[in-house]
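So the structure is just underneath, and the comments pick up after that.
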Amino acid sequence: MRVALGVGGGIAAYKAAELARALLDRGATVQVIMTDAALEFVTPLTFAALTGRKVITSLFSNRGADEVLSSAVEHIHVAQDNDALLVAPATADLLAKFAHGLAGDFLTTTYLAFTGRVILAPAMNTNMWLHAATQANLDVLRGRGHTVIEPETGLLACGTSGPGRLAEPGRIADEVVRLLMARHGLAGETVLLTAGPTQEALDPVRYISNRSSGKMGYALAEAAALRGARVILVSGPANLPVPAGVELVRVKTALEMRDAVMGRLEEATIVIKAAAVADYHLREVPAEKTKKTASGWMLSLEPTPDILAEVGRNKGDRLLVGFAAETQNLEAEGRRKLEAKNCDMVVANLVGQEGTGFESDSNAVTLVMRTGANVAVPRGSKRVIAERILDQVMTLRQAPGRTS
Ligand code: CTP
């Protein structure tokens, strides 16, 4: 467990020394990064003595030309070399900078370059904590999948009482360990994921498709890779960046997706079918563009192969997760699809409403489990929903008696 510990400039900065100690006690290596403001409260020597490592301070100040050159890329190394970026105390100023992507010093540049687990332990005056600006920044940061360890309520250094006191260092360290263990929970697994819509040609210039953006599948790919899985992402046309460490297989049609999935099934231990596959297509696509006629255009569409059902029939001891996009009867339809397609879990989501489903950044879903349970996941960003789906995948993985 390698933790980069960012220390912000607040009175609670002295508690970060105790936190570093608690992390070391739990077997972590700790690389401390201090902001300029933190230097006003504690000295780097304290942390250097505790961790046995050089403490990183500001990005460019007080350095010679050679040092500036090496430090210009050092934040990239720190970002790559650590499993978690823990910021404690996370001041209101740091939360705002992270939320808006400001990158003026070592800690904020490291944050932007970091792809692992980000954990924020805020501490500040109660009114600053409760201020709408701080809460809005926290919403943004939670929406990115970061963990916020809420401050405790008590007497603060400013003499007032209320929420704002840094969580107890032992509690923060325990949470970091728990999250990092979860992060490695899919090591050794190969996750075969599908995402996005498919496009079914009607002629050389036209196609039919659906409203899927691919965001849910890409969020799952990113989250699974961060948990240590090898990820093969079979994606229909989607205009999204490929998450780091994910192998992308691009397809267009349902038939191409079917071939890609069945061709890679042998490698997979977990299959997650988030794609919105077209149910119908034109079997014979005309070679020439169809000309406009006054009488209209009758199309005779035929069903595409149901990829999820085919994987279900050939699943062996793989774990199979399907999706159900519904406009009504969410749970009943989810369970019907779970049984019909031999899934272990169906992620049932309501589509066709504002703020949920296909094109939205957020979602609210019900996880219909083969154990008989229905797990409601409240509205959250697709990244947060992805984490909850993978939590349940890992629970099923650990449960005895998988169906095959
Ligand atoms: N699916 C698939 N192949 C298809 C159609 C759907 O693999 N040709 C998968 C989707 O990836 C999803 C699940 O089946 O994981 C359910 O998709 P959905 O469109 O909700 O259900 P359908 O089975 O198509 O049923 P209906 O459209 O009648 O609700």
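What you see below is based on every heavy atom in this structure, not just the backbone, and it leaves out hydrogens, waters and symmetry mates. Both counts, for ligands and for their atoms, begin at 1 and track the order of listing.
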Looking only at protein heavy atoms, which one is nearest to atom 23 (O) of ligand 1, and how far off is it?
-> K341 NZ, 2.5 Å

Tell me yes or no: between the side chains of Q199 and S209, is some donor less than 3.5 Å from an acceptor?
-> no

Checking side-chain contact (heavy atoms from CB on, under 4.5 Å) against L390, which of T395, V191, I272 comes through?
-> I272

Between S235 and Y218, a side-chain donor and acceptor under 3.5 Å | yes

List in chain and number order the residues that pass side chain to side chain donor-acceptor pair (under 3.5 Å) with T110, two or more places apart in sequence or in another chain; answer none if no residue qualifies.
-> none

What pair of heavy atoms forms the shortest contact from L202 to P286, and how long is it?
-> O-CD, 3.2 Å

When you measure from atom 29 (O) of ligand 1 to every protein heavy atom, which one gives the shortest distance, and what is it?
-> K337 NZ, 2.8 Å

Identity of the nearest option to atom 6 (C) of ligand 1, non-hydrogen atoms only, from T194, V277, V261 | V277

Answer yes or no: is there a side-chain heavy-atom contact under 4.5 Å between V3 and L180?
-> yes

Atom indices of ligand 1 within 4.0 angstrom of A324 heavy atoms, with elements = 20 (O)

Which atoms of ligand 1 are found less than 4.0 Å from any heavy atom of G322?
-> 15 (O)

Stepwise side chain to side chain contact (heavy atoms under 4.5 Å, CB included) check, T108 with L112 | CA-CA 6 Å; T108 49; L112 281 190; over 6 Å; no

T304 and Y280 have their tightest heavy-atom pair at CG2-C, 3.9 Å

Proximal ligand 1 atoms for A275, defined as those under 4.0 Å from one of its heavy atoms | 10 (C), 11 (O)

For atom 3 (N) of ligand 1, find the nearest protein heavy atom and state the residue, atom name and distance (0.1 Å precision).
-> I307 N, 3.0 Å

Which one of L193, V251, L248 satisfies the side-chain contact (heavy atoms from CB on, under 4.5 Å) criterion with V234?
-> V251

Please determine if A325 has a nitrogen or oxygen closer than 3.5 Å to a nitrogen or oxygen of ligand 1.
-> yes

Enumerated ligand 1 atoms positioned under 4.0 Å from heavy atoms of P305 = 3 (N), 4 (C), 8 (N)

Who's the nearest protein heavy-atom neighbour of atom 9 (C) of ligand 1, and how far?
-> L308 CB, 3.7 Å

Which atoms from ligand 1 have a heavy atom of T304 less than 4.0 Å away?
-> 8 (N)

Just distances here: any N/O of K273 and N/O of ligand 1 closer than 3.5 Å?
-> yes

Atom 17 (O) of ligand 1 touched by protein heavy atom at under 4.0 Å = yes

Atom 12 (C) of ligand 1 sits nearest the protein heavy atom F323 O, 3.1 Å

Atom 24 (O) of ligand 1: which protein heavy atom is closest, and how many Å away?
-> D279 OD1, 3.0 Å

Report the distance from atom CG of L85 to atom CZ of R117, rounding to the nearest 0.5 Å.
-> 12.5 Å

